[in-house]
Amino acid sequence: MKKVFILLAVLLSSLHSKAVSTYKEQMKHELQFVANTYRTAYAPSEWKYKYIAWDLDNELAEAMGQIDSKQDFTVKDYQKTLKNFFRSTQDYHVGYRFYANERATLPFSVKSAQGKIYIAHINRDKLSLTAFPYNVGDEVVEFDGRPVQDVLNELAIENGMGVARTDQAIAELLLTSRSAAKAMDVPRGTVEIGFKKEGADKPSHIQLIWEYTPETVNYNDVQNLPLRSDEHDKSISSSLTQSTVINKIKDTQMSLLGWDNLITNIENPFAIGNRKSFVPMLGKLVWESDKENHYHAYIYKNDEGKLIGYIRIAHYMADGVQFSQFKEIIEKYQNLTDALVIDEINNPGGSVFYIYALNSVLSDKVMYTPKHHLRIYPQIVADASDTLLKMAEIKNEE
C-alpha cells in the first residue's frame with residue numbers, strides 16, 4: 001500500500017511538472033507573439049535603439065529568462081514580466097491592460113506641489129467630515145507607515161516609463177487606486193495615513209479601509225485547459241494576452257495610462273479625462289455652456305475688461321455631435337471674444353483624426369500632418385484601400 005502511495009505521489013509530481021512546463025511554453029509562445037508584433041508594427045524601434053539603447057531581442061531574452069527563473073511561474077508573474085517588457089520602450093503610447101478586475105481604491109486623491117503632497121479631492125459621500133476630519137489642501141506626509149514620497153517613488157519605478165515628472169503624476173494617481181489590470185499588487189484591509197493640517201506642527205494619523213473588489217477571473221481554470229499543439233494551430237490562441245496586446249499596441253486611445261479605469265469620478269477635477277479640470281475660474285463669468293454639452297466652456301472678463309473664451313478639451317474621443325458643439329462654441333468666441341484659453345490638463349489622448357478636426361476649426365489655413373515614421377504592414381495597406389474607396393463616395397464639403 002505504501003508503494004502505491006509513493007507511486008501515486010511520483011505520478012502526480014510528474015504530471016504537475018509536465019503541466020508547469022507546458023504552461024511555461026505557452027507563456028513563451030505568447031511572449032514571442034508579442035515580440036513579433038513589435039517587429040511588424042512598432043515603427044520607433046530604430047530610434048529607440050539610438051535614444052535609450054532599446055533592443056527588442058535583448059528585452060525578449062530577458063523576459064524569457066524570467067519565465068525560466070521560477071519553478072512555479074504564475075499568471076501574475078507573467079503579467080508583470082509582460083508589463084516590464086512593454087515599459088522597456090519608455091513609450092507612453094504603448095498601453096497595456098490585462099484581463100483582471102481585482103482592484104482597491106481609497107475615497108480621496110492627491111497632488112504634489114512644490115515638493116509636498118496634498119489632498120486634492122475627497123469623496124464626501126464615502127468620507128464624511130466626522131469620519132475623515134481633513135480637507136482639500138491638507139498635506140499627506142505618511143502612507144502605510146512610510147514617508148509618502150517613498151511610496152510614490154516605488155509606484156513611479158514600477159509603473160512609469162522614464163520621464164520623472166510624468167511618472168510622479170502617474171504615481172500620484174495610483175497612490176489611492178490600484179488595479180490588477182495594470183499588473184499591480186492590489187492591497188486590502190486597512191492602511192494608516194499621516195496628514196498634517198494647515199498650520200499644524202505635527203501630523204495626525206488615521207486608518208482607512210481599502211475599498212476592495214476581489215478577482216473573478218480564475219486563471220487556474222485556464223491553466224487546466226488543454227493547449228493547442230502547433231500541428232493543429234500554427235497561430236497563437238491566447239486567453240492571457242493576445243487580443244489585449246494587438247489592440248493596445250495599435251491603439252493610442254487612452255494611451256497615457258491605458259488607464260480608462262481611472263476615468264470614473266466625474267466630480268473629481270484631478271482625475272484623468274474629466275469634463276471639468278482643476279483650473280480655477282479665470283475671471284468674471286459672462287457666459288457658460290450647458291452641463292449637457294460635451295465641452296465645459298465659458299467666456300470671462302479679465303482685469304482689463306477684455307472678453308476671453310475658455311474651453312476644456314478633456315480627451316480626444318468623441319464623434320460628430322461633439323464636433324458640432326465645438327464648432328458652435330468657437331464660432332461664438334470668434335464673434336465675441338479677444339482671446340482663447342484651451343485647457344488640456346489630464347487629457348489622455350485619443351483619435352488623431354479628431355484632433356485635426358478640432359484644429360481645422362481653429363485655423364483658416366490648411367492643417368498638415370506632422371511627418372512621422374510609420375511601419376507599414378498588410379493590415380494598414382488593406383485599411384488604406386478601404387478608406388480610399390469610402391472617400392471616393394464623398395461628393396460635397398458637408
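In this text the structure is predicted, and so the values were computed from the model without any measurement. Note that the numbering runs from 1 along the sequence shown for the chain.
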Side chain to side chain contact (heavy atoms under 4.5 Å, CB included) between Val110 and Tyr118: does it pass, once the steps are laid out?
CA-CA 5 Å; Val110 303; Tyr118 298 95; over 6 Å; no

Could you go through Asn159 and Lys83, starting from their C-alpha distance and side-chain angles, then the distance that decides it, and tell me whether this counts as side chain to side chain donor-acceptor pair (under 3.5 Å)?
CA-CA 8 Å; Asn159 300 280; Lys83 170 183 177 176; 2.7 Å; yes

What verdict does the side chain to side chain donor-acceptor pair (under 3.5 Å) test give for Asp167 and Tyr92, after you've listed the backbone C-alpha separation in whole Å, the side-chain angles of each residue and the deciding distance to 0.1 Å?
CA-CA 10 Å; Asp167 292 347; Tyr92 292 94; 2.7 Å; yes

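Within the hydrophobic cluster formed by Ile, Leu, Val, Met, Phe, Trp and Tyr side chains joined at under 4.5 Å, directly or through other members, Leu388 stands alone, with no partner residue. Taking Ile, Leu, Val, Met, Phe, Trp and Tyr as members and joining any whose side-chain heavy atoms lie under 4.5 Å apart, directly or through other members, the hydrophobic cluster of Leu282 also contains Phe270, Phe278, Val279, Met281, Leu285, Tyr298, Tyr300, Ile308, Tyr310, Val341, Ile345. Here Val321 sits alone; no ILVMFWY side chain lies under 4.5 Å from its own, so it joins no hydrophobic cluster.
Considering only heavy atoms from C-beta on, Trp54 comes within 4.5 Å of Leu56 through its side chain. At least one side-chain heavy atom of Lys76 sits under 4.5 Å from a side-chain heavy atom of Glu102. Residues His296 and Glu288 meet the side-chain proximity criterion, which asks for heavy atoms closer than 4.5 Å. Residues Asn346 and Asn274 are not in side-chain contact: their nearest non-hydrogen atoms beyond the backbone lie 4.5 Å or more apart. In this structure, Met184 and Leu155 have side chains that are in contact, with non-hydrogen atoms separated by less than 4.5 Å. Taking the side chain as every heavy atom from C-beta outward, Val75 and Phe98 never approach each other to under 4.5 Å. Met161 has its side chain out of reach of Ile170: every pair of non-hydrogen atoms, C-beta onward, lies at least 4.5 Å apart. Put simply, the side chain of Val366 reaches to within 4.5 Å of the side chain of Tyr368, judged on heavy atoms.
Distance check: Glu211 CD to Thr105 OG1 gives 4.0 Å after rounding to the nearest 0.5 Å. Atoms CD1 and CD1, on Ile329 and Ile299 in that order, are 9.5 Å from each other to the nearest 0.5 Å.
Scored by the side chain to side chain contact (heavy atoms under 4.5 Å, CB included) test, Thr40 finds Tyr377 as partners (sequence neighbours excluded). Among residues two or more places apart in sequence or in another chain, the ring-ring contact (aromatic ring centres under 6.0 Å, His included) test is passed with Trp47 by Tyr51. Residues passing the side chain to side chain contact (heavy atoms under 4.5 Å, CB included) test with Arg375, sequence neighbours excluded: Ala43, Ser45. With sequence neighbours excluded, the residues that form a ring-ring contact (aromatic ring centres under 6.0 Å, His included) with Phe326 are Tyr295. Residues passing the side chain to side chain contact (heavy atoms under 4.5 Å, CB included) test with Glu304, sequence neighbours excluded: Asn302.
Nearest heavy atom pair, residue Pro133 against residue Ile206, reads CD-CD1, 4.1 Å. Heavy-atom minimum distance, Pro107 versus Leu127: CG-CG, 3.7 Å. What you find for Ala180 and Gln79 is that their closest heavy atoms are O-OE1, 4.4 Å. Taking each heavy atom of Met317 and Gly350 in turn, the nearest pair found is CG-CA, 3.9 Å. Taking all atoms of both residues into account, the shortest heavy-atom contact from Pro348 to Ala314 is CD-O, 3.3 Å.
In terms of modelled atom types and a separation under 3.5 Å, the side chain of Lys196 and the main chain of Glu139 share no donor-acceptor contact. When atom types are taken as modelled, the side chain of Tyr78 and the backbone of Met27 share a donor-acceptor pair closer than 3.5 angstrom. A donor-acceptor pair under 3.5 Å links the side-chain atoms of Lys182 to the main chain of Tyr96, judged by distance alone. Side chain of Gln90 to main chain of Gly162: no donor-acceptor pair is present (N/O by atom type, distance under 3.5 Å, no hydrogens or angles).
Residues in residues 147-181 take part in no ring-ring contact (aromatic ring centres under 6.0 Å, His included) pair, two or more places apart or across chains. For residues 140-152, the pairs satisfying side chain to side chain donor-acceptor pair (under 3.5 Å) are Glu142-His205, Arg146-Glu154, Gln149-Asn153, Gln149-Gln168, with sequence neighbours left out. Note on residues 151-199: pairs passing ring-ring contact (aromatic ring centres under 6.0 Å, His included), not counting sequence neighbours, are Phe108-Phe195, Phe132-Phe195, Tyr134-Phe195.
Looking at Asp343 and Lys276, no side-chain N of the basic residue comes within less than 4.0 Å of a carboxylate O on the acidic one, giving no salt bridge. With respect to Asp185 and Lys80, a salt bridge is recorded, a charged nitrogen being found less than 4.0 Å from a carboxylate O.
For Phe85 and Tyr38, the ring centers sit closer than 6.0 Å to each other.
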Could you go through residues 59-67 and list every donor-acceptor pair under 3.5 Å that involves a side-chain atom there, pairing it with any protein atom two or more places apart or in another chain?
from: Gln66; atom 1: OE1; to: Thr81; atom 2: OG1; distance (Å): 2.9

